[in-house]
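Letters go in sequence order (proteins before strands), and every chain restarts at 1.
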Number of protein chains: 2
Amino acid sequence: MDGTEPITAAEGESLFAPACTHPTAEDPAIEALVEAIIGQVADKWTLLVLEELTAGGTLRFTEIGRRVGGISQKMLTKTLREMERMGLVTRTVHPVVPPHVDYALTDLGHTLGAAFCGVWTWAAENRRRIETAQAAFDEREDARR
Amino acid sequence: MDGTEPITAAEGESLFAPACTHPTAEDPAIEALVEAIIGQVADKWTLLVLEELTAGGTLRFTEIGRRVGGISQKMLTKTLREMERMGLVTRTVHPVVPPHVDYALTDLGHTLGAAFCGVWTWAAENRRRIETAQAAFDEREDARR
DNA sequence: CGGTATCCAGGCCGATACTG
DNA sequence: CAGTATCGGCCTGGATACCG
């Protein structure tokens, strides 16, 4: 830019359309709120539950846990509660014994799933690239020792 | 499904195009890897740094910290290191004193930013809806007490 | 079955001090 | 300026036990 060329030139700097000069970048207060929401939504378990409910439709508590795999009931309860609180899922209690509780995505939940579709696709497409990059990085680290 | 109709029928179930029957849902092992990657990428600080580098182009260490706001150098270092390891950013050291280190997104980093654009937009668009839902939920909780 | 309540280990993360 | 190193609090999240 200013003539002082760095060691590593930005050779790969493809001109990228600033696709996401997001709508609310104006107000820093709103920005903070949006970040807070992303913080809640971009949680590992939330994402996985969202996945399963997108794919599976209406599911029972245990079934979600089984599908997600590796989640404790504590975290499943907490995650579903928080998703319900945000209006992402509905919780339907059937008054039978033994208890039967169904969870399903709301319209809002579905749109969130769609929004995350891009990220999921990105991860799937670039998995190899990332693993390679990580291995190369670690190699360099080891060599430096 | 089996004739036992629930209390809350799925009345709001807008038929949603299954936009994201993602490409790799086939293999559970690959799925796990993708989830791991999402787990690393869907981190609060990573997202915010990604934001700033998308908007600001090439930035210095301190400048990123200043822009993100509220991040400790420890977390900034850790976040940038991990992003570098994944091949999302380049780290360029200028051999001058005092030190001068530039960070910039790689092409991969840019594509990740683009992928998250949908989520960011979603959060901005549905902020009100979520806040309302949360308030209503909390209200019901209080009433139940 | 679908939770809630309790305990507790591990790691996340900030604060601080120091270095090239 | 751009880190590394160390300490310590807190909070996440798993394991377990119990309830309606």
Side-chain angles (χ1 to χ4, degrees), chain A residues 2 4 6-8 35-36 39-49 52-53 58-85 89-104 137 140-141 144-145, chain B residues 1-2 4 6-8 35-36 39-49 52-53 56 58-85 89-104 137 140-141 144-145:
Chain A
D2 54 17
T4 48
I7 302 172
T8 306
E35 282 165 10
Q40 294 174 52
V41 137
D43 164 72
K44 177 188 175 183
W45 295 127
T46 302
L47 249 34
L48 296 180
V49 169
E52 295 310 326
L53 285 176
T58 301
L59 297 174
R60 298 179 62 170
F61 182 86
T62 309
E63 175 65 9
I64 297 174
R66 210 187 51 73
R67 288 192 178 215
V68 167
I71 188 173
S72 62
Q73 9 158 268
K74 178 180 175 179
M75 286 313 295
L76 183 54
T77 301
K78 190 182 168 193
T79 301
L80 286 169
R81 225 33 119 244
E82 190 54 35
M83 290 177 78
E84 188 193 357
R85 194 173 97 96
V89 304
T90 57
R91 178 171 177 273
T92 308
V93 181
H94 302 256
V96 296
V97 11
H100 182 132
V101 181
D102 280 332
Y103 291 90
F137 185 94
R140 263 176 277 134
E141 284 299 274
R144 240 177 32 75
R145 256 192 326 93
Chain B
M1 250 18 152
D2 54 15
T4 48
I7 302 171
T8 307
E35 283 165 9
Q40 293 174 52
V41 140
D43 163 73
K44 175 188 175 183
W45 296 128
T46 302
L47 251 33
L48 295 181
V49 169
E52 295 309 326
L53 285 176
T58 301
L59 296 175
R60 299 179 62 171
F61 182 84
T62 308
E63 176 66 8
I64 297 174
R66 209 185 52 72
R67 288 191 179 217
V68 168
I71 188 173
S72 64
Q73 8 158 272
K74 180 179 174 180
M75 287 313 295
L76 183 54
T77 301
K78 191 182 167 192
T79 302
L80 285 169
R81 226 31 120 246
E82 191 52 35
M83 290 177 79
E84 188 193 357
R85 195 173 98 96
V89 305
T90 58
R91 177 173 178 271
T92 309
V93 180
H94 302 257
V96 295
V97 11
H100 182 132
V101 181
D102 280 332
Y103 291 90
F137 184 93
R140 262 176 278 135
E141 284 299 274
R144 243 178 31 77
R145 258 193 327 94

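The shortest heavy-atom contact between A:L59 and A:E52 is CD1-O, 3.7 Å. Between B:A104 and B:T58, the shortest heavy-atom distance links the atoms CB-OG1, 3.6 Å. Scanning all heavy atoms of the two residues, the minimum distance from B:L47 to A:A42 falls at CD2-CB, 4.3 Å.
Qualifying side chain to side chain contact (heavy atoms under 4.5 Å, CB included) partners for B:L80, counting only residues two or more places apart in sequence or in other chains: B:V49, B:F61, B:I64, B:L76, B:Y103. Residues satisfying the side chain to side chain contact (heavy atoms under 4.5 Å, CB included) criterion with A:V96, sequence neighbours excluded, are A:H94, A:H100. Applying the side-chain hydrogen bond (donor to acceptor under 3.5 Å, both in side chains) test to A:E63 and every residue at least two apart in sequence or in another chain returns A:R66, A:R67. Looking at residues two or more places apart in sequence or on another chain, you find no side chain to side chain contact (heavy atoms under 4.5 Å, CB included) involving B:T62. For B:T79, there are no side-chain hydrogen bond (donor to acceptor under 3.5 Å, both in side chains) partners, not counting sequence neighbours. With sequence neighbours left out, the side chain to side chain contact (heavy atoms under 4.5 Å, CB included) criterion links B:E82 to A:Q134, B:Q40, B:R85, B:M86.
Protein atom CG of A:D43 is 11 Å distant from nucleotide atom P of D:dT12, rounded to whole Å. Distance, A:L76 CG to D:dT12 P: 17 Å, rounded to whole Å. When the C1' atom of D:dG13 is taken as reference, atom CH2 of A:W45 falls 10 Å away, rounded to whole Å. Whole-Å rounding puts the B:E84 CD to D:dG3 P distance at 9 Å. Put simply, NZ on B:K44 is 14 Å from C1' on D:dC11, counting in whole angstrom units. Atom-to-atom, NZ of A:K78 to C1' of D:dG14 comes out at 12 Å; the value is rounded to the nearest Å.
The shortest distance between side-chain heavy atoms of A:L53 and A:V89 falls below 4.5 Å.
At a threshold of 4.0 angstrom between heavy atoms, the contacts of A:P99 include nucleobase atoms, whether or not backbone atoms are also involved.
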Between the protein and nucleotides 4-6 of chain D, list the N/O to N/O atom pairs that are separated by less than 3.5 angstrom.
unit_1, atom_1, unit_2, atom_2, d
D:dT4, OP1, B:R81, NH2, 3.1
D:dT4, O4, B:Q73, OE1, 3.1

With side-chain contact (heavy atoms from CB on, under 4.5 Å) as the criterion, how do B:K44 and A:E35 come out once you've worked through the C-alpha distance, each side chain's angles and the decisive distance to 0.1 Å? CA-CA 8 Å; B:K44 175 188 175 183; A:E35 282 165 10; over 6 Å; no

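A heavy atom closer than 4.0 Å to some atom of DNA chain C occurs in A:R60, A:F61, A:T62, these being the qualifying members of residues 59-72 of chain A.
B:K78 contributes atom NZ, which lies 10.5 Å from atom CD1 of B:I71 (distance to the nearest 0.5 angstrom). With values rounded to the nearest 0.5 angstrom, B:D102 atom CG is found 7.0 Å from B:R60 atom CZ.
Taking the screw axis at each terminus of the helix from C:dC1-D:dG20 to C:dG20-D:dC1 from five consecutive base pairs, the angle between the two is 40° to within rounding of 10 degrees.
Taking a heavy-atom distance under 4.0 Å as the criterion, the stretch of DNA chain C touched by chain A extends 5' to 3' from C:dC1 to C:dC7.
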